[in-house]
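FYI, the numbering just counts along the sequence from 1.
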Amino acid sequence: GVRKDIWFIKDELETMEAFLEVAESIKKKDVLLKVWAKQVRDLSYNIEDCLSEFMVHVGSQSFLRRLMKLKDRHRIAVRIRDLKARVEEVSIRNTRYNLIKAEASNTTGDMDSHMEDVRNHSASNIDEAELVGFSKPKKELIKLMDVKTEEGTAKVVFVVGMGGLGKTTLARKAFESKEDIVNNFSCQAWITVSQTFSKIEMLKDMIMQLFGNEDLKKRLKELEGKTVQVDDLARYLREKLQEKRYFIVLDDLWTIDAWGWIKDIAFPTTNIKGSRIIVTTRDIGLAQQCTSKSLIYHLEHLHIDQATNLLLKKIGKTDEETKSDERMLNVISKIVNKCGGLPLAILTIGGLLATKVVEMWESIYEQIPSELGTNPSLEAMRRMVTLSYNHLPSHLKSCFLYLSIFPEDFEIKRRHLVDRWIAEGLVRASGGVNVEDVGIGYFNELINRNMIQLSKVNVEGIVKSCRVHDIMRDVMVSISRDENFVHLVGNSEASIIEGNFRHVSYHGSKGQNIGMDWSHVRSLTMFGERPAEPSPSVCSTNMRMLRALDLKNTLFKIRQKDINNIGLLCLLKYVDFKGPSYIYALPKSIRRLRGLQNLDIRDSYIVALPTEITELHSLRSLRCSRWAPYSSRWSKTNGVGVPRGISKLKELQILEVVDINQTSKKAVKELGELIQLRKLSIVGKGRFADQKRKILYLCAAIEKLSSLRSLSLDVGSGSLEWLHNVSSPPALLKKLKLLGDLGGKMPEWVGSLKHLVKIHLEWSRLKEDQVTEMLGKLPKLMLFSLDSYAYVGKKLVFRAEAFVNLRKLSIDITYPLTEVRFEKGASPKMELIEFSDGDLKSEIIGINHLPVLKQISLGRKGRVANLGMLQAEVDKHPNNPVLQLEGDLQRA
């Protein structure tokens with residue numbers, strides 16, 4: 001009967017997931033439905049847990065041999081029957097209270113009309129303060145529209161930015177500009193689109209605003225006696241606009257379908273009078289689909305001084321008053337930082353403070369996160385965030401709420417986040433699409449929708465990390481708490497926690513005691529101190545449902561005994577113990593983690609990985625390195641040995657750092673069978689160059705890794721001359737890092753790397769012709785980094801038509817280099833030059849030949865002759881680059 005029950009609850013889970021997707025859009029109006037949806041969600045989580053545990057037992061060899069231990073079989077069978085009974089109870093409850101109604105899906109209208117009121121109120125709230133920081137954006141927007149050109153088809157300009165940033169206010173200021181708009185266009189209209197709109201009502205509104213109320217009445221009279229159709233009004237509108245120069249604002253666009261409909265049905269395609277359309281939206285991706293990138297205006301957050309001035313204006317205080325009151329100054333600084341340059345947040349919180357005495361401001365600031373859910377004064381701010389959240393597709397909602405695990409203002413790495421989403425089952429790929437690519441798509445969509453803010457962008461323009469705006473995070477945490485999704489453990493915490501939270505994150509510095517039911521917890525993340533009892537240990541058997549264990553940002557070091565029980569957490573898919581840690585061996589029980597996808601044990605005392613690691617056939621990322629607290633700059637990384645059988649890990653995409661000296665010849669040979677490998681990092685210090693057979697196997701392995709995108713080889717100051725024996729390198733290689741003596745010559749195959757974007761060299765001892773003749777011809781090279789003894793010439797000359805795509809040049813300790821010169825036509829896309837450590841007896845010459853140069857950075861020990869002359873060159877450069885000096889050391 002167990003298998004029959006399994007099929008029943010599996011089918012029930014699919015139905016529940018479909019129901020929860022529908023309920024998400026309608027539960028805001030129905031309190032009973034909200035309660036029921038919460039119960040269904042909780043039950044669906046329990047079913048997922050039970051199914052996962054069942055599949056682990058079915059998939060284990062012990063089950064095939066002994067059918068599984070009797071007590072485990074009994075426990076799971078009882079649990080499945082209990083779940084089946086609960087499913088039936090929940091179903092009866094729906095019938096009893098008649099919770100799902102056929103017409104329920106059409107109940108969002110009131111919500112949207114209420115949002116219209118909130119939008120109008122917040123826009124007028126912003127206007128009332130006569131916003132600081134908007135005069136420059138207004139000028140830039142009007143310049144972008146090019147209103148003086150009175151010919152050509154209608155130009156569409158998009159204004160993008162997160163909710164509450166002032167997009168509507170900016171568009172309104174442009175719309176009402178008499179000199180630029182009113183006097184240059186024969187008719188204007190302001191149309192609020194929002195998430196739902198009536199097509200007929202919108203067309204009526206456009207006709208009335210563009211041509212007057214009498215014109216609309218006349219058209220409706222002509223249609224009297226018949227049902228007014230969309231096309232009746234649209235055709236009339238297009239005919240009337242045909243010979244007009246019109247200016248229209250479409251405020252708050254949410255979907256590509258809405259834009260497609262408005263554009264096709266309302267605007268005449270043959271009008272060449274130089275009309276203009278402004279569209280405001282929160283979604284950058286939407287804007288990019290609708291117009292060219294050059295016609296997208298990205299509204300920036302207010303700078304700190306602008307935000308402070310706006311807050312002072314709202315609370316009725318002067319700069320002098322705040323400077324003379326240290327307490328007031330401190331609270332204002334905290335609030336400005338929290339608001340993160342968001343005008344709506346500044347004005348909303350400022351309005352709250354204006355009605356209170358200064359002595360209460362600190363406590364009001366502290367209560368903002370909890371008050372966001374209940375305080376009517378913060379209604380507009382809360383709804384601006386929840387509107388964006390509610391508009392997310394269901395698969396992105398869980399991914400977004402998952403971010404509440406991270407502390408305030410924490411920089412979240414994209415790879416880290418996407419790997420965790422995948423481990424938690426939040427990313428679903430189909431049709432043979434790579435699951436990681438789908439996860440990156442989710443991440444980029446949240447960026448495009450302005451739900452998260454980009455933090456670091458690499459030289460290719462790819463977003464590598466993000467942050468969450470404080471106000472956005474406060475609302476996110478509130479929703480997560482309401483839905484029993486994430487529980488945050490801070491410094492002041494109740495000892496007993498109610499509710500079955502699925503994710504627990506420790507943020508406090510005190511390692512707080514908490515009492516809760518850990519049997520449902522799917523992820524444990526720690527940013528603080530080691531938790532005290534009665535909280536479980538790091539790998540407690542109480543946490544059988546744990547999928548993700550992330551301890552990379554703890555304030556304590558992981559000990560060997562902390563991980564000895566790890567094999568009992570059979571559902572683990574993501575484990576991050578990145579140290580420094582006191583782990584010296586992985587327990588043999590790790591073989592039980594058959595579903596493990598990511599394992600990061602960098603900076604431990606582990607010398608070699610156990611054979612059991614080769615049984616983890618789901619591993620996608622294996623990152624390990626030995627902690628070397630006293631390592632010199634010449635020996636930056638210590639790897640670990642990998643065992644024979646490593647070739648069994650067919651899903652492996654990332655493997656670092658392999659110590660070739662600690663790895664057998666057979667295991668080195670097996671590396672070539674990891675055909676999905678995208679990133680490989682190898683170290684081999686000492687006498688590695690003498691191990692001829694092992695080198696032969698390594699060269700053959702590198703040639704076989706056709707999926708490889710990143711290769712790092714570090715032999716310190718030892719020899720890498722054996723790399724010349726590689727005949728056919730991985731063709732798709734994008735990143736190459738070589739630390740070792742190449743014998744003064746680059747391997748010939750490097751010149752064939754048409755996709756290479758980044759190269760870092762140390763101890764290569766290259767001469768000038770090797771740099772310009774070979775590397776200078778690589779068509780996609782964007783980052784060129786030279787470190788200790790990578791180059792042994794005195795002059796480094798970038799010649800015409802070389803390095804055509806290079807964006808960044810980084811030079812660090814390159815004795816005997818004394819001069820860097822750029823000829824006319826060299827490196828036309830160079831933006832950044834970093835000179836960290838060294839002594840240029842001459843100078844950096846020819847920067848006037850670098851048309852898009854943005855910055856020259858001189859590091860702690862970077863010296864150049866005649867710094868004043870270099871500064872003068874920078875000052876007269878037409879692109880206005882910056883000369884940044886780091887440190888306080890004398891320069892020649």
Side-chain angles (χ1 to χ4, degrees), residues 59 415 418-419 422-423 427 429-440 573-574 591 593-600 609-624 639-660 662-684 693-714 722-723 725-738 747 749-750 752-758 780:
R415 183 193 292 281
V418 169
D419 283 345
I422 293 169
V427 179
S430 58
V433 181
N434 184 298
V435 68
E436 191 173 47
D437 291 339
V438 176
I440 290 169
K573 294 187 176 183
Y574 182 100
R591 73 197 311 168
L593 308 184
R594 298 303 175 92
L596 193 64
Q597 298 172 357
N598 293 77
L599 177 60
D600 191 336
L609 295 174
T611 305
E612 287 76 14
I613 206 84
T614 64
E615 297 180 43
L616 307 182
H617 297 168
S618 298
L619 265 182
R620 293 169 46 250
S621 174
L622 177 55
R623 311 177 92 171
C624 42
V640 302
V642 298
R644 291 182 183 183
I646 191 75
S647 59
K648 295 178 189 174
L649 305 182
K650 300 298 184 187
E651 299 293 316
L652 205 59
Q653 295 182 27
I654 297 173
L655 176 59
E656 57 180 5
V657 176
V658 178
D659 187 338
I660 214 79
Q662 299 286 339
T663 303
S664 70
K665 289 194 284 289
K666 185 169 188 315
V668 170
K669 190 175 184 179
E670 285 185 45
L671 293 176
E673 296 176 47
L674 300 173
I675 55 173
Q676 291 204 50
L677 208 61
R678 296 168 74 94
K679 182 174 186 178
L680 175 63
S681 180
I682 291 175
V683 295
R693 177 71 61 180
K694 199 179 274 189
I695 283 173
L696 203 63
Y697 287 158
L698 183 56
C699 287
I702 290 171
E703 290 175 0
K704 288 181 182 176
L705 298 174
S706 58
S707 297
L708 206 63
R709 304 295 197 274
S710 173
L711 175 63
S712 174
L713 298 168
D714 177 3
W722 49 269
L723 273 177
N725 298 325
V726 173
S727 57
S728 55
L732 301 176
L733 212 58
K734 293 180 70 176
K735 183 178 180 181
L736 182 61
K737 189 174 184 178
L738 302 177
W749 52 264
V750 174
S752 70
L753 298 176
K754 302 302 181 190
H755 298 280
L756 198 69
V757 173
K758 302 175 185 178
K780 293 188 178 178

Novice: Rounded to the nearest 0.5 Å, what separation is found between the CG atom of L609 and the CG atom of L622?
Specialist: 5.5 Å
Novice: Look only at the side chain of W749 and the backbone of L723, and say whether a donor-acceptor pair between them is shorter than 3.5 Å.
Specialist: yes
Novice: What closest approach, in Å, do E670 and S647 show between heavy atoms, and which atom pair accounts for it?
Specialist: OE1-OG, 2.7 Å
Novice: Show your reasoning for whether side-chain contact (heavy atoms from CB on, under 4.5 Å) applies to K669 and K694.
Specialist: CA-CA 8 Å; K669 190 175 184 179; K694 199 179 274 189; over 6 Å; no
Novice: For T663 and V642, which heavy atoms make the closest approach, and how far apart are they?
Specialist: OG1-N, 3.1 Å
Novice: Quick one: are L698 and W722 in side-chain contact, heavy atoms under 4.5 Å?
Specialist: yes
Novice: Taking the side chain as C-beta and beyond, is there a heavy-atom pair between Q676 and L649 under 4.5 Å?
Specialist: no
Novice: Evaluate side-chain contact (heavy atoms from CB on, under 4.5 Å) for R709 paired with L732, printing each intermediate quantity in order.
Specialist: CA-CA 6 Å; R709 304 295 197 274; L732 301 176; 3.5 Å; yes
Novice: Regarding E615 and R594, does a basic nitrogen lie under 4.0 Å from an acidic carboxylate oxygen?
Specialist: yes
Novice: Has E612 got a side-chain atom pairing as donor or acceptor with R591's backbone, closer than 3.5 angstrom?
Specialist: no
Novice: Which heavy atom of V657 sits nearest to which heavy atom of I682, and what is that distance?
Specialist: CG1-C, 4.5 Å
Novice: What is the distance from atom CG of D714 to atom NZ of K737, rounded to the nearest 0.5 Å?
Specialist: 7.5 Å
Novice: Under a 3.5 Å threshold, yes or no: a donor from one side chain and an acceptor from the other, between E703 and S727?
Specialist: yes
Novice: Rounded to the nearest 0.5 Å, what's the gap from CG on N725 to CD1 on I695? Could you check?
Specialist: 8.5 Å
Novice: Identify the two heavy atoms, one from C624 and one from V640, that lie closest to each other, and give their separation to 0.1 Å.
Specialist: SG-CG2, 3.3 Å
Novice: Can you tell me which residue among K734, K679, R678 is in a side-chain contact (heavy atoms from CB on, under 4.5 Å) with S710?
Specialist: K679
Novice: To the nearest 0.5 Å, tell me how far I675 CD1 sits from K704 NZ.
Specialist: 11.0 Å
Novice: Give me the atom names and distance for the closest heavy-atom approach of R415 to I654.
Specialist: NH1-CD1, 2.8 Å
Novice: Please report the closest heavy-atom contact between R620 and N598, naming both atoms and the distance.
Specialist: NH1-OD1, 3.5 Å
Novice: With side-chain contact (heavy atoms from CB on, under 4.5 Å) as the test, pick out the partner of P730 among I702, L711, L753.
Specialist: I702
Novice: Please lay out, stage by stage, how L596 and L619 fare under the test side-chain contact (heavy atoms from CB on, under 4.5 Å).
Specialist: CA-CA 6 Å; L596 193 64; L619 265 182; 4.2 Å; yes
Novice: Would you say the side-chain atoms of E656 and S681 include a donor-acceptor pair closer than 3.5 Å?
Specialist: no
Novice: What's the separation between atom CG in L677 and atom OG in S707, rounded to the nearest 0.5 Å?
Specialist: 8.5 Å
Novice: What distance separates L708 CG from L680 CG, expressed to the nearest 0.5 Å?
Specialist: 6.0 Å
Novice: Got a sec: does the CZ of R623 have more than 12 other heavy atoms crowding it under 6.0 Å?
Specialist: yes
Novice: Using a 4.5 Å cut-off on heavy atoms from C-beta on, say whether the side chain of V757 contacts that of K735.
Specialist: no
Novice: Quick check: do K650 and E673 have side-chain heavy atoms less than 4.5 Å from each other?
Specialist: yes
Novice: Side chains of V683 and V658: closer than 4.5 Å at any heavy-atom pair?
Specialist: no
Novice: Less than 4.5 Å apart, side chain to side chain, heavy atoms only: is that true for H617 and E651?
Specialist: no
